[in-house]
Amino acid sequence: MKAVVVDSYNSIDGTSIKEIDTPGVSKGCVRVKIGAAAVGFVDGLKVQGLYQTKDPLPFVPSTEFAGIVDAVADDVTAFKPDMPVIGMTRSGALAEYISVPSAALKHLPPQVPFEAGASFQANYLTGLYALDARASLRDGEILLVLGAAGGVGIAAVQPGKLMGARVIAAASTAEKRAFAVQFGAGQTIDYTRADWRDTLKELTGGHGPDVIFDPVGSEVALQAFRSIAWRGRHLVVGFASGTIPALAFNLPLLKGGALLGVDLAQIQKREPETHARLMAQLFDWLASGKLQPVVGKVVPFENFRDAFKTMQSRSALGKMIVKFG
Ligand SMILES: NC(=O)c1ccc[n+]([C@@H]2O[C@H](COP(=O)([O-])OP(=O)(O)OC[C@H]3O[C@@H](n4cnc5c(N)ncnc54)[C@H](OP(=O)(O)O)[C@@H]3O)[C@@H](O)[C@H]2O)c1
């Protein structure tokens with residue numbers, strides 16, 4: 001089968017499609033013919049060896065996929081060939097086939113295209129876990145989403161709206177702000193402007209945001225915290241800017257505010273009941289059509305580098321998708 005193989009930690013230009021063995025189906029596993037795979041910020045870091053954990057070389061990047069069941073181990077009963085599924089794994093999704101333990105798969109509602117399925121789980125679970133389990137976002141509260149048009153940002157805008165919040169999207173370009181409005185933001189802010197906190201103050205009538213969803217970091221994060229409402233909750237999701245900010249402890253004191261960490265990788269292990277509840281909520285929204293996962297740019301498998309480059313040049317809208325076949 002064909003797969004994108006990372007032989008050395010490098011820029012995406014140093015990575016190519018190679019012919020490798022199609023994986024077998026060992027006990028408890030299911031082999032999936034991949035229809036679409038997602039590329040996120042973390043995948044870009046992993047290819048370059050810049051992520052906090054390194055995948056041993058050689059490896060096939062991408063952790064999220066959607067496709068059709070191709071073969072099933074004898075002891076697996078929940079899946080049968082030709083069923084549409086989505087899955088999350090540590091790596092390996094930029095390939096024609098992947099073999100994973102059945103627990104890594106979920107049934108994909110038949111009306112949901114592969115592109116949407118592949119962009120669904122990681123970001124929306126992060127978004128919902130942050131807003132629900134960490135910030136306890138309430139109906140009518142003001143939610144400020146930084147980097148709102150990015151993969152995980154837009155996956156906080158939509159659940160935030162569904163939870164009844166008033167969503168303010170902060171993004172760097174007019175196109176990105178319009179994109180966030182398209183998916184549920186009620187108001188927007190250009191946070192590249194020096195006076196953006198004044199705009200935020202005006203938009204919130206001096207109240208400030210009750211909850212801040214922050215996948216960006218840097219000075220923007222510090223400025224956002226300075227504007228937070230009394231008893232506000234600032235969700236630390238990521239540092240797409242490349243800079244981890246350092247917050248002076250007097251600010252949470254003065255604001256009665258809280259900094260809350262969010263780590264997708266630990267949710268299922270540390271909070272299995274919360275994980276199950278939130279996944280059930282997400283799949284319910286997905287099946288009913290209440291939540292339509294945002295599909296960013298879709299590129300054919302042969303052009304997989306475009307997905308990485310679009311994201312790495314800060315021009316992505318939503319999550320980047322690589323399509324097979
Ligand atoms: N904690 C978790 O479990 C978890 C889960 C998923 C992702 N993350 C993290 O969240 C962050 C965003 O991931 P993503 O997949 O949403 O990435 P993305 O699609 O590339 O979005 C990142 C956004 O950050 C903003 N940004 C500001 N400065 C930037 C810079 N110098 N370079 C690139 N983007 C910049 C951009 O919006 P503007 O141009 O509008 O500023 C961009 O839309 C990453 O740090 C990722 O590791 C964490």
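Values below: every heavy atom of this structure, side chains too, minus hydrogens, waters and symmetry copies.
Using a 4.5 Å cut-off on side-chain heavy atoms (C-beta onward), V294 and S119 make no contact. The side-chain heavy atoms of M320 and V299, taken from C-beta on, include no pair separated by under 4.5 Å. Two residues are said to be in side-chain contact when any heavy atoms from C-beta on lie closer than 4.5 Å; V216 and S241 meet this criterion. Taking the side chain as every heavy atom from C-beta outward, I98 and K33 never approach each other to under 4.5 Å. For the pair Q268 and M279, the minimum side-chain heavy-atom distance is 4.5 Å or more. L125 has its side chain within reach of L264: a pair of non-hydrogen atoms, C-beta onward, lies under 4.5 Å apart. Using a 4.5 Å heavy-atom cutoff, the side chains of F213 and V152 are in contact. Looking at heavy atoms from C-beta onward, L128 lies in side-chain contact with L282 at the 4.5 angstrom threshold.
Under the 4.5 Å side-chain heavy-atom criterion for grouping Ile, Leu, Val, Met, Phe, Trp and Tyr, L222 is connected to V236 within one hydrophobic cluster. Using a 4.5 Å cut-off between side-chain heavy atoms of Ile, Leu, Val, Met, Phe, Trp and Tyr, with links allowed through other members, I86 and V112 fall into the same hydrophobic cluster. Grouping the Ile, Leu, Val, Met, Phe, Trp and Tyr side chains by contacts below 4.5 angstrom, directly or via other members, places M88 apart from I34. M1 and F114 fall into different hydrophobic clusters, where Ile, Leu, Val, Met, Phe, Trp and Tyr side chains are chained together by heavy-atom contacts under 4.5 Å. In the hydrophobic clustering of ILVMFWY residues, with side-chain heavy atoms under 4.5 Å counting as a link, L251 and W196 come out together.
Remark: the backbone N or O of P245 is not paired with any side-chain donor or acceptor of T243 at under 3.5 angstrom. Under a 3.5 Å cut-off, the side chain of K297 and the backbone N or O of I321 do not form any donor-acceptor pair. Of the possible donor and acceptor atoms, one in the side chain of H107 sits under 3.5 Å from a partner among the backbone N and O of A78. A donor-acceptor pair is defined here as one N or O able to donate and one able to accept, closer than 3.5 Å; such a pair exists between the side chain of Y191 and the backbone of G147. Remark: side-chain polar atoms of D43 are paired, donor with acceptor, to backbone N or O of G40 under 3.5 angstrom. Judged by distance alone, the side chain of D214 and the main-chain N or O of G217 form a donor-acceptor pair under 3.5 Å. Side chain of K54 to main chain of G49: a donor-acceptor pair is present (N/O by atom type, distance under 3.5 Å, no hydrogens or angles). Between the side chain of S62 and the main chain of A38, a donor-acceptor pair closer than 3.5 Å is present.
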Next item on the list: Please report the C-alpha distance between T15 and V5 in whole Å, then the side-chain angles of each, then the deciding distance to 0.1 Å, and finally whether the side chain to side chain contact (heavy atoms under 4.5 Å, CB included) criterion is met.
Entry: CA-CA 6 Å; T15 299; V5 178; over 6 Å; no

Notebook entry, point to check: What's the verdict on side chain to side chain contact (heavy atoms under 4.5 Å, CB included) for S227 and K201, showing C-alpha distance, side-chain angles and the deciding distance?
Noted result: CA-CA 7 Å; S227 295; K201 196 171 178 183; over 6 Å; no

Next item on the list: Given side chain to side chain donor-acceptor pair (under 3.5 Å), test E271 with Y129 step by step and report yes or no.
Entry: CA-CA 10 Å; E271 300 181 37; Y129 173 77; 2.7 Å; yes

Margin query: Using side chain to side chain contact (heavy atoms under 4.5 Å, CB included), reason through V32 and Y97 one step at a time and then give a plain yes or no.
Written below: CA-CA 6 Å; V32 178; Y97 293 88; over 6 Å; no

Note to self: side chain to side chain contact (heavy atoms under 4.5 Å, CB included) for L105 and F65? Distances and angles first, verdict last.
What the structure shows: CA-CA 10 Å; L105 295 178; F65 60 90; 3.7 Å; yes

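Sorted by first and then second residue, the ring pair (Phe, Tyr, Trp, His ring centres under 6.0 Å) pairs with a member in residues 222-250 read F225-H234; sequence neighbours excluded. Judged as a salt bridge (charged side-chain N to carboxylate O under 4.0 Å, His left out), the pairs with a partner in residues 109-122 (not counting sequence neighbours) are, in order, E115-K323. Listed by first and then second residue, the salt bridge (charged side-chain N to carboxylate O under 4.0 Å, His left out) pairs that reach into residues 60-80 are R31-D70, E64-K319, sequence neighbours excluded.
Each of L247, L259, I228 was evaluated against P252; a single residue qualifies, L247, per the side chain to side chain contact (heavy atoms under 4.5 Å, CB included) test.
By the ring-ring contact (aromatic ring centres under 6.0 Å, His included) test, F283 pairs with F120, sequence neighbours left out. Scored by the side-chain contact (heavy atoms from CB on, under 4.5 Å) test, V42 finds K46, Y51 as partners (sequence neighbours excluded). Residues passing the ring-ring contact (aromatic ring centres under 6.0 Å, His included) test with F324 are F301, sequence neighbours excluded. Among residues two or more places apart in sequence or in another chain, the side-chain hydrogen bond (donor to acceptor under 3.5 Å, both in side chains) test is passed with D284 by none. Partners of L50 under the side-chain contact (heavy atoms from CB on, under 4.5 Å) rule, at least two apart in sequence or in another chain, are L45, Q48. In this structure, the side-chain hydrogen bond (donor to acceptor under 3.5 Å, both in side chains) partners of R277, at least two apart in sequence or on a different chain, are D132. For D263, the side-chain hydrogen bond (donor to acceptor under 3.5 Å, both in side chains) partners at least two apart in sequence or on another chain are Q266. Judged as a side-chain contact (heavy atoms from CB on, under 4.5 Å), and not counting sequence neighbours, the contacts of E141 are L137, R138, D210, V211, R233.
Closest approach of L146 to A224, counting heavy atoms only: CD1-CB, 4.2 Å. The minimum heavy-atom distance between P209 and L200, with the atom names listed, is CD-CD2, 3.9 Å. Between P81 and V72 the shortest heavy-atom distance is CD-CG2, 4.0 Å. Nearest heavy-atom pair, I17 versus V4, reported as atom, atom and distance to 0.1 Å: CG1-CG2, 4.1 Å. Of all non-hydrogen atoms in A135 and L235, the two that sit nearest each other are CB-CD1, 3.9 Å.
At most 12 heavy atoms of other shown residues, nucleotides or ligands fall within 6.0 angstrom of atom CG in D21. For NZ of K255, the number of neighbouring non-hydrogen atoms (other residues, nucleotides, ligands) closer than 6.0 Å is greater than 12. More than 12 heavy-atom neighbours from other residues, nucleotides or ligands sit within 6.0 angstrom of CD on Q111. Heavy atoms of other residues, nucleotides or ligands lying less than 6.0 angstrom from CG of D13 number more than 12.
Rounding to the nearest 0.5 Å places CZ of F179 at 14.5 Å from CZ of R177. How far OG of S16 is from CZ of R305: 6.5 Å, rounded to the nearest 0.5 Å.
Counted by atom type alone, D190 and T192 present one or more donor-acceptor pairs between their side chains at under 3.5 Å.
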Side chains of residues 156-170: which donor-acceptor pairs under 3.5 Å do they make with residues two or more places apart or in other chains?
| unit_1 | atom_1 | unit_2 | atom_2 | d |
| --- | --- | --- | --- | --- |
| Q158 | OE1 | Y124 | OH | 2.4 |
| Q158 | NE2 | Q292 | O | 2.9 |
| R166 | NE | Q187 | OE1 | 3.3 |
| R166 | NH2 | Q187 | OE1 | 3.0 |
| R166 | NH2 | L203 | O | 2.3 |

